[in-house]
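The next block holds one structure in the form of structure tokens; read it before the comments.
Bear in mind that the values here come from a model prediction, so they are computed numbers and not experimental data.
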Amino acid sequence: MSTTPKLRVAIIGAGPAGLGAAIEFAKLPFVDVRVYEQARDLREVGAGISIQHNTWRMLDVLGVYDNINPKDLFRSADGHAVQHRNGRTGELLLSKGQDGTPPRYLHARTLRSVLQQALLKGVDKSKLRLSSRLTKITELPSQTFSLLFEDGHTDEVDLLVGADGVRSVVRQFIYPDHTLKYMGMTAYRALADANDILSIPDFPDAVTFWHGPADRFYTCNLNNNVYEIAARVPQTADAAPVSWGQDANVEEFKWRYKDFSPMLQSVLDKIKIVKKFALFSGPRLSRVISHGRIALIGDASHPLSGAFGAGAGFALEDVYVLTRAVKWAHGRGLPISEGLELFDKVRAPHYADMYTILDGYGKSDGTVKKTAGFDEAVEVIVAEKWNDDHQWLYHYGVEEVWRKTYEAEDARRGKVDGDRDRTTGGGEVASSRL
Ligand SMILES: Cc1cc2nc3c(=O)[nH]c(=O)nc-3n(C[C@H](O)[C@H](O)[C@H](O)COP(=O)(O)OP(=O)(O)OC[C@H]3O[C@@H](n4cnc5c(N)ncnc54)[C@H](O)[C@@H]3O)c2cc1C
């Protein structure tokens, strides 16, 4: 029996990133993993979530795809991923198809709790410690980290994984000067009975953005008689509530859509529950690793407050690369820091690309403002802002990118390392599992 001590890995946070990491690290026999979550119990707030092509693929890799019951998903009847309509006339301006996407990975919308439960089922619960809010990280001379939790619990670990979301404490430790800023936008997530919504004449049961010149909202079936209405509403910084998931009232945002069609007024009138979420974001991180033994994954690594509607997928891609990179280093007898460098090499540029797309959005606002009239403005907005070319984000082949990255690194390191036993070195073919 091997007496080599295991690599002690602490994952902070049990959102999609943390749960995914718990699943994948548990597959590495040389790792002793634990997950710390500040919440007393794991329950998802925030209504619906899109499961995109890349998210599905990662769920497959994690082995939890089948934990989602298809009856808990909404997929559009004609295969569109999303549609854009004029909020005044209802005219369909853009319908995005999913050509080339395997049926298994078609876009779906579901309650956030469905995704969370699917991941949770794959996690060894004995490794998950709830009511554990990380408050202090200290680097020890032994190049390990001492962790202190609010309830006095302590731990010492070799690898620290910050999966603690947009307000990450781990990120704050690495980048003390990094600050989040209110985006001037609050997300309202409302729910209604699907039967009520679908009884409105002519209302399309689709994944739909309804656009006006200044505002839009989103409607989508979540199945099981739940319909979601989501809006992002500009607010001044002083009005921004700080807490996440506060109870709210439909009157807080309904007035913004007074020029929308009577059909859409009826939709808003059917709303039963509303929660609001103030959106914060921060500048891009130049690196998503630090100290040779800390990695940031999920929203902690790219504080963007849900831009692109695929944050859970991005988080699981982080998990994929991080766990393979750690295995790669271990299999070659290299320090874990070398694996983290490869993780950073794959993921930091990916997030840089996303920030670049968002910068582009800001620029296109200028054109929109010059236009006059409801319908004309909406046409410009949909054509310029939503007929985007960032669909590649949802089809991004992280497995292939990782494979090319470690193969190039193996080649760079020369034949001696490259000739090591690949079955133990993380050098498996792109789609295989750990
Ligand atoms: C309005 C909105 C809509 C979105 N829509 C979509 C969508 O349609 N599809 C999609 O894929 N993504 C969507 N996202 C993004 C998605 O929600 C996030 O990207 C995803 O939740 C990130 O997962 P995470 O695990 O990194 O962070 P989180 O889900 O935020 O989880 C972080 C966890 O860490 C815990 N934690 C924080 N601090 C500590 C601490 N100090 N100690 C211990 N635990 C701690 C938190 O309690 C939490 O459980 C949306 C986001 C927003 C805001």
Side-chain angles (χ1 to χ4, degrees), residues 1-14 17-37 62-63 122-130 132-149 151-164 169-170 173-174 288-297 300 318-344 402 406 409-410 413 416-417 419-428 432-434:
M1 218 176 96
S2 165
T3 51
T4 317
K6 289 194 172 190
L7 183 78
R8 296 164 299 173
V9 178
I11 299 162
I12 310 300
L19 293 175
I23 292 169
E24 288 304 276
F25 271 115
K27 294 176 186 171
L28 300 179
F30 60 91
V31 164
D32 178 13
V33 69
R34 50 277 218 170
V35 188
Y36 293 104
E37 165 59 46
L62 265 61
V123 173
D124 175 353
K125 309 296 178 305
S126 69
K127 306 288 182 193
L128 175 60
R129 191 174 193 271
L130 297 172
S132 301
R133 187 173 134 72
L134 178 68
T135 51
K136 194 171 174 202
I137 304 164
T138 311
E139 190 181 15
L140 301 175
S142 53
Q143 293 194 325
T144 58
F145 295 100
S146 161
L147 308 179
L148 174 65
F149 296 85
D151 64 351
H153 178 77
T154 57
D155 196 1
E156 187 180 333
V157 296
D158 304 303
L159 174 60
L160 177 59
V161 179
D164 46 347
V169 168
V170 181
F173 174 74
I174 304 173
V288 293
I289 59 168
S290 183
H291 296 69
R293 290 192 164 236
I294 303 182
L296 297 176
I297 61 173
D318 287 343
V319 165
Y320 179 91
V321 180
L322 177 63
T323 49
R324 269 79 187 160
V326 167
K327 186 183 178 194
W328 174 87
H330 180 82
R332 285 156 179 72
L334 296 168
I336 294 305
S337 57
E338 304 279 347
L340 294 198
E341 287 295 336
L342 284 197
F343 165 68
D344 186 66
W402 162 243
Y406 79 69
E409 184 62 17
D410 281 341
R413 285 171 182 272
V416 176
D417 284 351
D419 279 347
R420 278 175 186 274
D421 178 5
R422 302 197 133 221
T423 57
T424 58
E428 69 273 88
S432 69
R433 296 173 188 186
L434 273 170

(message) Run the side chain to side chain contact (heavy atoms under 4.5 Å, CB included) test against K6 and tell me which residues pass, sequence neighbours left out.
(response) D32

(request) Find out whether F173 and I294 are in side-chain contact, i.e. whether some heavy atom of one side chain is under 4.5 Å from a heavy atom of the other. (result) yes

(message) Do L342 and R324 have side chains that approach each other closer than 4.5 Å (heavy atoms only, starting at C-beta)?
(response) no

(message) Nearest 0.5 angstrom please: I289 CD1 to L160 CG, how far?
(response) 13.0 Å

(request) Start with the C-alpha distance between F25 and L322, add both sets of side-chain angles, then the distance that settles side chain to side chain contact (heavy atoms under 4.5 Å, CB included), and finish with yes or no. (result) CA-CA 9 Å; F25 271 115; L322 177 63; 4.0 Å; yes

(request) Report the residues that fulfil ring-ring contact (aromatic ring centres under 6.0 Å, His included) with F343, sequence neighbours left out, ordered by chain and then residue number. (result) none

(request) Please round to the nearest 0.5 Å and tell me the distance separating atom CG of L128 and atom CG of L130. (result) 4.5 Å

(message) Using the salt bridge (Lys or Arg N to Asp or Glu O under 4.0 Å) criterion, which residues pair with E139? Sequence neighbours excluded.
(response) none

(message) I'd like to check the side chain to side chain contact (heavy atoms under 4.5 Å, CB included) partners of A22; sequence neighbours left out, ordered by chain and number.
(response) I11, V35, V123

(message) Assess whether a salt bridge exists between R129 and D155, defined as any Lys/Arg side-chain N lying under 4.0 Å from an Asp/Glu carboxylate O.
(response) no

(message) Restricting to side chain to side chain contact (heavy atoms under 4.5 Å, CB included), what partner residues turn up for A17, sequence neighbours left out?
(response) A163, I297, A315

(request) Could you tell me which non-hydrogen atom of F30 sits nearest to which non-hydrogen atom of K327, and how far apart they are? (result) CZ-CA, 3.9 Å

(message) Checking F149 now: which residues fulfil ring-ring contact (aromatic ring centres under 6.0 Å, His included) with it, not counting sequence neighbours?
(response) Y36, H153

(request) Would you name the heavy atoms of V319 and T323 that are closest together and state the gap between them? (result) O-OG1, 2.7 Å

(request) Nearest 0.5 Å please: distance from the CG atom of L7 over to the CZ atom of R293. (result) 6.5 Å

(request) Give the minimum heavy-atom separation between L148 and L134, together with the two atoms involved. (result) O-CD1, 3.6 Å

(request) Spell out, as yes or no, whether a donor-acceptor pair under 3.5 Å connects the side chain of E37 to the backbone of A14. (result) yes

(request) Could you check if a side-chain atom of L159 sits within less than 4.5 angstrom of a side-chain atom of L340, using non-hydrogen atoms only? (result) yes

(message) Tell me every residue that passes side chain to side chain donor-acceptor pair (under 3.5 Å) with Q143, counting only those two or more places apart in sequence or in another chain.
(response) none

(message) Run the side chain to side chain donor-acceptor pair (under 3.5 Å) test against T144 and tell me which residues pass, sequence neighbours left out.
(response) S142, E156

(message) Can you confirm whether F145 sits close enough to H291 that some side-chain heavy atom of one is under 4.5 Å from a side-chain heavy atom of the other?
(response) yes

(request) Without swapping roles, check the side chain of K27 against the backbone of L62 for a donor-acceptor pair under 3.5 Å. (result) yes

(request) Could you grab the distance from atom CG of D164 to atom CZ of R133, nearest 0.5 Å is fine? (result) 9.5 Å

(request) For R8, enumerate each residue passing the side chain to side chain donor-acceptor pair (under 3.5 Å) test, keeping only those at least two apart in sequence or located in another chain. (result) D158

(message) With heavy-atom distances below 4.5 Å as the criterion, would you say the side chains of I12 and V169 are in contact?
(response) no

(request) Might you point out which heavy atoms bring A325 and G339 nearest each other, and give the distance in Å? (result) CB-O, 3.2 Å

(message) According to side chain to side chain contact (heavy atoms under 4.5 Å, CB included), who are the partners of S337, at least two apart in sequence or on a separate chain?
(response) P335

(request) Can you sort out the partners of E341 under side chain to side chain donor-acceptor pair (under 3.5 Å), two or more places apart, ordered by chain and number? (result) R287

(message) Could you check whether E338 pairs with R413 (Lys NZ or Arg NE/NH1/NH2 to Asp/Glu carboxylate O, under 4.0 Å)?
(response) yes

